[in-house]
Protein chains: 2
Amino acid sequence: MSRFSSPMPQRAASDCPGPARGAPVDCTTCRIRHLSVCAALGDEEVSALEAVVSSLHLQPNSTLVREGDPRRQVYSVTAGALRLVRLLPDGRRQVAGFLLPGDFLGLSTAETHRHDVEAVTETMLCRFRAEDMQALRERFPDLERKLLSRAMTELDAARETALGLARLNPIERLAAFLLDLSEKRARWGRTEQLMVLPMGRADIADHLGLTVETVSRSFTRLRHDGVIALHDIHGVELLDRKRLVDLAAGRG
Amino acid sequence: MSRFSSPMPQRAASDCPGPARGAPVDCTTCRIRHLSVCAALGDEEVSALEAVVSSLHLQPNSTLVREGDPRRQVYSVTAGALRLVRLLPDGRRQVAGFLLPGDFLGLSTAETHRHDVEAVTETMLCRFRAEDMQALRERFPDLERKLLSRAMTELDAARETALGLARLNPIERLAAFLLDLSEKRARWGRTEQLMVLPMGRADIADHLGLTVETVSRSFTRLRHDGVIALHDIHGVELLDRKRLVDLAAGRG
DNA sequence: CGCATAGTTGAGTGCTATCAAATTACGTGG
DNA sequence: CCACGTAATTTGATAGCACTCAACTATGCG
């Protein structure tokens with residue numbers, strides 16, 4: 001049923017936003033739209049970025065960077081999904097976050113990467129050399145400001161996540177996660193009601209600080225309560241958004 | 001025993017760094033040193049900042065800003081400690097973080113504040129109007145870069161916190177918290193072994209996603225294991241730093 | 001000295017993790 | 001296209017850790 005002859009799973013393909021829907025995911029249109037929307041760049045900036053960008057294609061579960069790797073490249077995701085992973089010595093795992101189309105990786109000023117970054121599905125990225133990005137930042141002071149603004153937004157988001165991990169119960173965490181994802185997708189003009197979760201239950205569990213079993217039970221509970229519908233494992237429909245918002249805000 | 005005749009508690013006074021030790025906490029020396037060290041500014045930048053700064057004095061438990069307040073000022077802490085607080089409708093509380101000398105508040109590009117900000121102890125701050133800060137940022141492009149770098153550092157820290165909340169047990173969380181605080185103090189040239197915790201157990205509990213009882217039991221446990229010594233409620237000595245590091249990294 | 005607040009300690013419960021088994025999805029080769 | 005094997009997910013039973021409730025202790029302040 002895929003629109004692709006390659007073994008690319010449908011859920012990865014459908015993540016390519018806008019004009020590129022149904023076209024190959026590494027299309028230039030997609031890339032330009034991505035760059036300009038995600039950083040709100042002007043035409044000149046987009047051209048300058050296009051000049052130094054190269055593209056990259058990852059298979060599911062392949063590793064893009066490892067914790068401790070020197071930060072030499074800047075990436076931006078155009079299609080697919082990646083996860084930021086940290087492992088504790090005894091196997092405890094945390095997924096710090098997911099990178100979806102429009103997200104950047106490697107803008108941090110840290111010398112090395114702080115997480116393993118792995119492809120969840122087949123993924124397309126734009127790659128810049130860090131020096132090129134640096135040069136662009138010097139040439140376009142505005143870019144610096146936009147990146148700062150973006151970093152601040154992410155910082156707020158990270159603190160929101162922390163609140164959830166500290167004080168929300170499993171159902172509330174899952175509700176917050178589903179809304180998060182839905183909003184991220186909405187920013188790209190995708191339907192808010194029907195959602196595709198690119199990641200598996202284990203990734204969700206490790207993102208929410210729970211076990212797979214608890215995540216599964218929480219899905220089941222939300223389904224029985226008529227808050228969501230599960231069409232298949234990765235296809236979720238948000239039936240009662242208001243209820244989800246209440247749950248995520250701790251008014252469960 | 002305080003070096004102050006005012007009712008300022010000793011632990012707040014001892015947070016004024018460097019040359020100002022023993023002098024009034026709002027001294028200009030202290031402020032300049034603070035500004036230049038925390039943002040690594042040049043002389044010219046420091047002068048420009050000094051020109052638009054005014055100072056502020058908070059009593060313990062007073063509120064500086066409330067969640068939802070418009071963001072009109074930028075503050076930097078010179079002495080004392082503040083907490084970033086979020087409350088859920090049913091009373092669940094989270095302390096997203098603490099602001100210690102050298103930390104900024106209000107640099108976010110968000111329109112409104114996302115947390116209540118309350119003084120933990122008597123606190124001194126520098127206050128700039130947000131517009132002045134904006135003007136400075138435009139005048140000194142370098143400042144923008146340093147702020148971005150700082151934001152990235154905080155983002156990394158926030159993700160580290162999230163890992164702890166998701167996957168560490170109470171003892172490990174407390175170990176990580178103590179090390180965090182110790183490192184923050186070390187950056188200001190303060191002793192690493194002996195520490196003063198400005199905040200109470202309830203603030204620590206709400207920061208670590210635990211209850212006061214569990215925090216208290218964890219302190220007791222670390223003390224019995226000879227990892228720390230508690231001289232008084234706020235005075236902690238780190239006896240076995242290596243063990244703390246192992247605990248915080250999940251090698252407990 | 002007595003009250004109020006903060007912290008510690010103890011007993012019991014409940015929620016979520018753990019362990020185990022059944023069920024469903026999915027890729028592979030017939 | 002279907003049968004099979006593997007991996008992922010769901011469901012069930014049990015156990016343990018952290019929360020809750022409660023009592024006690026310490027500290028500070030009038």
Side-chain angles (χ1 to χ4, degrees), chain A residues 1-2 6-12 59-61 88 90-94 120-122 164-174 196-206 208-224 228-236 252, chain B residues 1-2 7-12 59-61 88 90-94 120-122 164-174 197-224 228-236 250 252:
Chain A
M1 290 303 296
S2 172
S6 75
M8 172 185 283
Q10 193 186 353
R11 63 175 182 274
Q59 291 306 311
N61 295 311
L88 294 180
D90 60 358
R92 282 177 282 181
R93 194 176 89 124
Q94 200 222 3
V120 174
T121 59
E122 185 168 17
L165 291 171
R167 291 303 183 204
L168 296 185
N169 66 35
I171 302 248
E172 293 168 337
R173 290 186 204 184
L174 184 55
V196 175
L197 307 178
M199 69 293 291
R201 298 292 188 262
D203 285 340
I204 297 175
D206 287 334
L208 301 180
L210 303 168
T211 59
V212 254
E213 293 94 331
T214 299
V215 168
S216 177
R217 283 184 242 271
S218 301
F219 268 112
T220 305
R221 172 82 178 279
L222 288 177
R223 182 161 54 82
H224 281 146
I228 62 170
L230 292 168
H231 296 286
D232 66 283
I233 292 178
H234 293 280
V236 180
Chain B
M1 291 304 293
S2 172
M8 173 184 281
Q10 194 187 353
R11 63 177 183 273
Q59 291 305 311
N61 295 311
L88 295 180
D90 60 358
R92 280 177 283 182
R93 193 175 89 124
Q94 201 223 2
V120 174
T121 60
E122 186 169 17
L165 291 170
R167 292 300 183 204
L168 296 185
N169 65 34
I171 302 246
E172 293 168 337
R173 290 186 204 185
L174 184 55
L197 308 177
M199 67 295 289
R201 299 291 189 264
D203 285 339
I204 298 175
D206 287 336
H207 182 54
L208 301 181
L210 303 168
T211 59
V212 252
E213 293 94 331
T214 300
V215 168
S216 177
R217 282 185 243 271
S218 302
F219 268 112
T220 304
R221 171 80 178 279
L222 287 178
R223 183 162 52 82
H224 281 147
I228 62 170
L230 292 168
H231 296 286
D232 66 282
I233 291 175
H234 293 280
V236 180

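A note on names: the letters A, B, ... follow the listed sequences, proteins ahead of strands, and every chain is numbered from 1.
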Report task. Identify which one of B:V215, B:T214, B:L222 satisfies the side-chain contact (heavy atoms from CB on, under 4.5 Å) criterion when paired with B:S218. Result -> B:T214
Report task. Could you check how far CG of A:D90 sits from P of C:dT18, rounded to whole Å? Result -> 10 Å
Report summary line: Nearest heavy-atom contact between A:L174 and A:F219 is CD2-N, 3.6 Å
**Report entry** Within-4.5 Å side-chain heavy-atom neighbours: B:L168 and A:L88
**Finding:** yes
**Report entry** Distance in angstrom units between A:D203 CG and D:dA8 P, rounded
**Finding:** 10 Å
Requested in this report: Output yes when a side-chain donor or acceptor of B:R167 lies under 3.5 Å from a complementary backbone atom of A:R92, and no otherwise.
Outcome: no
**Report entry** Heavy-atom closest contact (A:R93 atom, A:D206 atom, distance)
**Finding:** NE-OD2, 2.5 Å
Query - B:T211 side chain near D:dA18 phosphate (N/O to OP1/OP2, under 4.0 Å) - result: no
Requested in this report: Could you check A:Q94 against A:L165 for side-chain contact (heavy atoms from CB on, under 4.5 Å), going step by step and ending with a plain yes or no?
Outcome: CA-CA 12 Å; A:Q94 200 222 3; A:L165 291 171; 4.1 Å; yes
Query raised in the report: When rounded to the nearest 0.5 angstrom, what distance separates CG in B:L197 from OG1 in B:T121?
Result: 12.0 Å
Report summary line: A:L208 and A:R173 have their tightest heavy-atom pair at O-NH1, 2.7 Å
Query raised in the report: Between the two end axes of the helix from C:dC1-D:dG30 to C:dG30-D:dC1, each built from 5 base pairs, what angle do you get to the nearest 10°?
Result: 40°
Report task. Supply the atom-to-atom distance A:L210 CG to A:S216 OG, rounded to the nearest 0.5 angstrom. Result -> 12.0 Å
Query raised in the report: Which atoms form the tightest heavy-atom contact between A:L230 and A:R223, and what is the distance?
Result: CD1-NE, 3.7 Å
Report summary line: Per-nucleotide protein contact along nucleotides 5-10 of chain C, 5' to 3', at a 4.0 Å heavy-atom cut-off (B base, S sugar-phosphate only, - neither), is --SBBB
Report task. Would you jot down, in residue-number order, the residues of residues 164-172 of chain A having a non-hydrogen atom under 4.0 Å from DNA chain C? Result -> A:N169, A:P170
